[in-house]
Amino acid sequence: LRAGGRTAARATLFPVLTEKERPMLMADGDTLGTACATTAETAGRRVVGRVVMDYEARCLRRRRLMTEGGAAFMVDLPRTVSLDAGAAFVLEDGSAVEVVPAREPVLRVEGDLTRLAWHIGNRHCPCEIHADHLVIRADPVLEQMLAQLGARVTRTLAPFRPEGGAYGHGRTFGHSH
């Protein structure tokens, strides 16, 4: 491997394997296989684990994940998805791994919600909307802007579950509505 025109320290050659040849083994040998689909809920499926994921991590197509119990599995979906609370990865044997939104740094915003939501939306920031407050991901620039607009802003840790957008479920990927 090269790094800046010279050989990288401890250069390594990584073999390319097909999915069947690439085992998902951990130190203790525990593996769940591959998830090739998702479902909105776990109803009727045997749940074999839970994976706690923040907002960014819940948008994925292909990634290696580990359950709370330490079992590894591969996610290999046909397209990028945005997963909500209660969704699950469906494994090859039909069992499921439940998706749990992680607690992450967010800002609870109170005040003139209509006006504040407009300013947040004008900056294309994901926003969770409640009757008496808004929730956005922690951002010092937005925090300062909202305070200058008269908002009461409280830093907290909570699962972030923003609105999905008017033109589809989950996140919108660009402006091609």
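In this chain, residues are counted from 1 in sequence order.
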**Q** Which distance, rounded to the nearest 0.5 Å, do you find between the CZ of R137 and the CD of E56?
**A** 4.0 Å
**Q** Can you see which heavy atom on I136 is nearest to which on P126, and at what distance?
**A** CG2-O, 3.7 Å
**Q** Would you give the length of the straight line joining atom CG of L149 to atom CD of Q144, rounded to the nearest 0.5 angstrom?
**A** 10.5 Å
**Q** Per the side-chain hydrogen bond (donor to acceptor under 3.5 Å, both in side chains) rule, what does the pair list look like for residues 110-122, sequence neighbours excluded?
**A** none
**Q** Quick one: which residue pairs count as a side-chain hydrogen bond (donor to acceptor under 3.5 Å, both in side chains) with a foot in residues 39-50, not counting sequence neighbours?
**A** R46-D93, R50-E68
**Q** Look at the side-chain heavy atoms of Ile, Leu, Val, Met, Phe, Trp and Tyr, link any pair under 4.5 Å apart, and say whether L116 and V135 land in one connected group.
**A** no
**Q** Any ring-ring contact (aromatic ring centres under 6.0 Å, His included) pairs touching residues 86-110, not counting sequence neighbours?
**A** F73-F89
**Q** Applying a strict under-4.5 Å side-chain criterion to I, L, V, M, F, W and Y, I'd like to know whether L77 and L32 cluster together.
**A** yes
**Q** Could you see if V153 belongs to whatever hydrophobic cluster contains I129? Use Ile, Leu, Val, Met, Phe, Trp, Tyr and a side-chain cutoff under 4.5 Å.
**A** yes
**Q** Considering all heavy atoms of both residues, which atom of T67 and which atom of G49 are nearest to each other, and what is their separation?
**A** CG2-CA, 4.3 Å
**Q** Any salt bridge (Lys or Arg N to Asp or Glu O under 4.0 Å) involving residues 139-157? Give me the pairs, sequence neighbours left out, ordered by first then second residue.
**A** E143-R155
**Q** According to the ring-ring contact (aromatic ring centres under 6.0 Å, His included) rule, which pairs have a member within residues 95-114, sequence neighbours left out?
**A** none
**Q** side-chain contact (heavy atoms from CB on, under 4.5 Å) with R63: which residues, sequence neighbours excluded?
**A** M53, A57, L60, L65
**Q** For the residue pair R64 and A72, what are the closest heavy atoms and their distance?
**A** NH2-CB, 3.4 Å
**Q** Who pairs with A85 by side-chain contact (heavy atoms from CB on, under 4.5 Å), at least two apart in sequence or on another chain?
**A** P101, R161
**Q** Quick one: pull up CZ in R103 and CG in L157 and give me the separation to the nearest 0.5 Å.
**A** 5.0 Å
**Q** Output, in order, the C-alpha distance, side-chain angles, deciding distance and verdict of side-chain contact (heavy atoms from CB on, under 4.5 Å) for T38 and V90.
**A** CA-CA 5 Å; T38 61; V90 180; 5.8 Å; no
**Q** Measure across A131 and L113 and return the closest heavy-atom pair with its distance rounded to 0.1 Å.
**A** O-CD1, 3.6 Å
**Q** Do F160 and L146 belong together in a cluster built from hydrophobic side chains that touch within less than 4.5 Å?
**A** no
**Q** Given a cutoff of under 4.5 Å between side-chain heavy atoms of I, L, V, M, F, W and Y, with clusters grown through shared members, what are the other residues clustered with V52?
**A** V100
**Q** Output all residues satisfying ring-ring contact (aromatic ring centres under 6.0 Å, His included) with H130, sequence neighbours left out; order by chain, then residue number.
**A** H133
**Q** Could you pull out all residues at least two apart from R61 that satisfy salt bridge (charged side-chain N to carboxylate O under 4.0 Å, His left out)?
**A** D76
**Q** Should L107 and Y55 be counted in the same cluster of Ile, Leu, Val, Met, Phe, Trp and Tyr side chains packed under 4.5 Å apart?
**A** no
**Q** Looking only at heavy atoms, which two atoms of C59 and T80 are closest? And how far apart?
**A** SG-CG2, 3.8 Å
**Q** Which pairs pass salt bridge (Lys or Arg N to Asp or Glu O under 4.0 Å) with one or both residues in residues 125-135, sequence neighbours excluded?
**A** R108-D132
**Q** Can you list everything that forms a side-chain contact (heavy atoms from CB on, under 4.5 Å) with C36? Sequence neighbours excluded, please.
**A** T34
**Q** Any idea which heavy atoms bring L142 and C125 closest together, and the distance?
**A** CD1-SG, 3.4 Å
